[in-house]
Amino acid sequence: MSPTAAARLVQRQLGLMLRSKVAGDDAPARAQRIWGAEGKRWFTPEDPVWRVHADASMFPAGITSLLLQMLHPMAMAGVAGHSGYKSDPWGRLQRTSHYLATTTFGTVEHAEEAIATVRSIHRRVRGKDHLGRPYRADDPHLLAWVHAAEIDSFLRGYQTFGATPLTDDEADVYVRQAGIPAARLGVVDPPQSVVELAALLDSYRPELEATPAAREAARFLLLDPPLPFYARPGYATLASGGVSLLPWWAREMLGLPVPDVVSALVARPLGHLGTAAVRWGMAGLAERRPSDLPDGPDSPASPEHPDERGQRVGDLAAS
């Protein structure tokens, strides 16, 4: 085997492992439904929301989003009580990734179906937080926090680890576009600009708390992920990048000893390394070049192998 062929084999195996964890074993069928369906879509490849959600930076940014979201005690209580994040962490990630991919890249019909499904689940998720305060997952105030923490993290990730950061105007468009499915999910008046997003996040600061459940979830996410030992160093680079994206006050609340200088000089470069590895691995699942294999029924670009088309974008969407 030539060095080039060996490198491609390693690249593809990495991509397959990432796809299995993030999108599940039925990822090809899901991708075919998203990309093969005909119909109107909310967004196009030129739109900022498409570009952000299709990028490998979603991997560290997804970790940032989870860490930030869990600082709201009611959101954390809902995750701890209903999500099965410890018993089925990859299943939860795959459901989230499928929702994000469908609402970003899928047809409007499929996006509306996915939103309706999540709304029906939210109606059944209720309980009390660690202080006995009642919560419900379909509470617009709680949904707004989850949405704001998520898109702020995704935008931070893309602007830091993405190949071509958005301009200020494009960043505002991203916030506005991300609010389209969020409004249908139940978020009232989602932010329409980066300034509005920052103000919304700041307004929640008095409500945030690093509960014991949040600290336990952070330890699980950062120190004890459900991965074999050989995969943990790679994951650690992504987790480091995710921590580096957190606002300083969030790191402080979660007890993460990462001063700004360490974040800039150590954690962030590790995040760049991990994101580059993800981008390389997922590229191995993209459509092959004409020179790689001859045309015909065994070609990955043929109708018999539709899962190879757009795979990189479809899978990266959900991290």
- Closest non-hydrogen contact found for Trp50 with Thr44 is CB-O, 3.1 Å
- Query: Checking side-chain contact (heavy atoms from CB on, under 4.5 Å) for the pair Asp138/Arg126: CA distance, chi angles, key distance, verdict?
  - Reply: CA-CA 9 Å; Asp138 59 357; Arg126 299 169 181 269; 4.3 Å; yes
- Residue pair Glu113, His110: steps toward the side-chain contact (heavy atoms from CB on, under 4.5 Å) verdict: CA-CA 5 Å; Glu113 288 176 1; His110 289 164; 3.8 Å; yes
- Item | Residue pair Trp42 / Glu112, side-chain heavy-atom distance below 4.5 Å | yes
- Query: Which pair of non-hydrogen atoms, one from Gly162 and one from Ser57, has the smallest distance, and what is that distance?
  - Reply: N-CB, 4.2 Å
- Task: Using atom types as modelled and distance alone, determine if a side-chain donor or acceptor of Arg136 lies under 3.5 Å from a backbone N or O of Leu142.
- Result: no
- Query: Atom CE of Met76 and atom CG of Asp129: how far apart are they, to the nearest 0.5 Å?
  - Reply: 11.5 Å
- Pair His53-Tyr174, ring pair (Phe, Tyr, Trp, His ring centres under 6.0 Å): steps then yes or no: CA-CA 10 Å; His53 292 177; Tyr174 169 74; 5.5 Å; yes
- Message: Please determine whether a side-chain nitrogen of the Lys or Arg among Glu207 and Arg133 lies less than 4.0 Å from a carboxylate oxygen of the Asp or Glu.
- Response: no
- Query: When rounded to the nearest 0.5 angstrom, what distance separates CH2 in Trp280 from CD in Gln11?
  - Reply: 5.0 Å
- Item | Hydrophobic cluster identity match, Phe105 and Val118, side-chain contacts under 4.5 Å | yes
- Message: Within a 6.0 Å radius of atom CG on Asp224, are there more than 12 heavy atoms belonging to other residues, nucleotides or ligands?
- Response: yes
- Query: Counting N and O atoms only, with roles assigned by atom type, does the side chain of Thr102 sit under 3.5 Å from a partner on the main chain of Tyr99, one being a donor and the other an acceptor?
  - Reply: no
- Task: Please examine the side chains of Arg176 and Pro48, heavy atoms only from C-beta on, and report whether any two atoms are closer than 4.5 Å.
- Result: no
- Message: Same cluster or not: Leu201 versus Val188, using hydrophobic residues (I, L, V, M, F, W, Y) connected whenever any side-chain heavy atoms lie under 4.5 Å apart?
- Response: no
- Message: For Pro165 versus Tyr158, what's the shortest heavy-atom pair and its separation?
- Response: CA-CE2, 4.1 Å
- Message: If you compare all heavy atoms of Tyr135 against all heavy atoms of Gly78, which two are closest, and at what distance to 0.1 Å?
- Response: OH-CA, 3.4 Å
- Message: Distance check, rounded to the nearest 0.5 Å: Leu256 atom CG versus Trp248 atom CH2?
- Response: 14.0 Å
- Task: Go through Arg12 and Leu9 one step at a time and tell me if the side-chain contact (heavy atoms from CB on, under 4.5 Å) criterion holds.
- Result: CA-CA 5 Å; Arg12 182 166 176 78; Leu9 178 61; 5.5 Å; no
- Message: Which residue in the set Val195, Asp152, Leu197, Val49 passes side chain to side chain contact (heavy atoms under 4.5 Å, CB included) when paired with Val175?
- Response: Leu197
- Would you say Gln69's side chain and Leu67's backbone share a donor-acceptor pair under 3.5 angstrom? no
- Task: Measure the spacing between CE of Met70 and CE of Met253 and express it to the nearest 0.5 Å.
- Result: 12.0 Å
- If you draw the axis of the six-membered ring of Tyr235, does the NZ or CZ of Arg232 fall within 45° of it and under 6.0 Å from the ring centre? no
- Query: Within a strict 4.5 Å, meaning less than it, do heavy atoms of the Tyr204 and Leu71 side chains meet?
  - Reply: no
- In terms of heavy-atom contacts, Val194 and Asp172 come closest through N-OD1, 2.9 Å
- Give a yes or no on whether the backbone of Ala61 and the side-chain of Ser65 come within a donor-acceptor separation of less than 3.5 Å. no
- So which heavy atom on Leu68 is nearest to which on Ser153, and how close? CD2-OG, 4.0 Å
- Message: Check Asp55 with Arg51, please: is the shortest side-chain N to carboxylate O separation under 4.0 Å?
- Response: no
- Item | From CG (Leu100) to CE (Met58), nearest 0.5 Å | 4.5 Å
- Flag yes if Val173 and Phe43 sit in one hydrophobic cluster, no otherwise; membership is Ile, Leu, Val, Met, Phe, Trp, Tyr, and two members link when side-chain heavy atoms are under 4.5 Å apart. no
- In this structure, which one of Val243, Thr275, Thr237 forms a side chain to side chain contact (heavy atoms under 4.5 Å, CB included) with Leu270? Thr237
- Message: Any side-chain to backbone donor/acceptor pair from Ser240 onto Ala267? Under 3.5 Å, distance only.
- Response: no
- Derivation of the side-chain contact (heavy atoms from CB on, under 4.5 Å) call for Val79 and Leu66: CA-CA 10 Å; Val79 169; Leu66 294 174; over 6 Å; no
- Query: Are Ile180 and Leu166 connected, step by step, through hydrophobic side chains (Ile, Leu, Val, Met, Phe, Trp, Tyr) whose heavy atoms are closer than 4.5 Å?
  - Reply: yes
- Message: Quick check: is Ile121 connected to Leu143 through a chain of hydrophobic side chains (ILVMFWY, heavy atoms under 4.5 Å apart)?
- Response: no
- Task: To the nearest 0.5 Å, tell me how far Gln177 CD sits from Ile151 CD1.
- Result: 11.0 Å
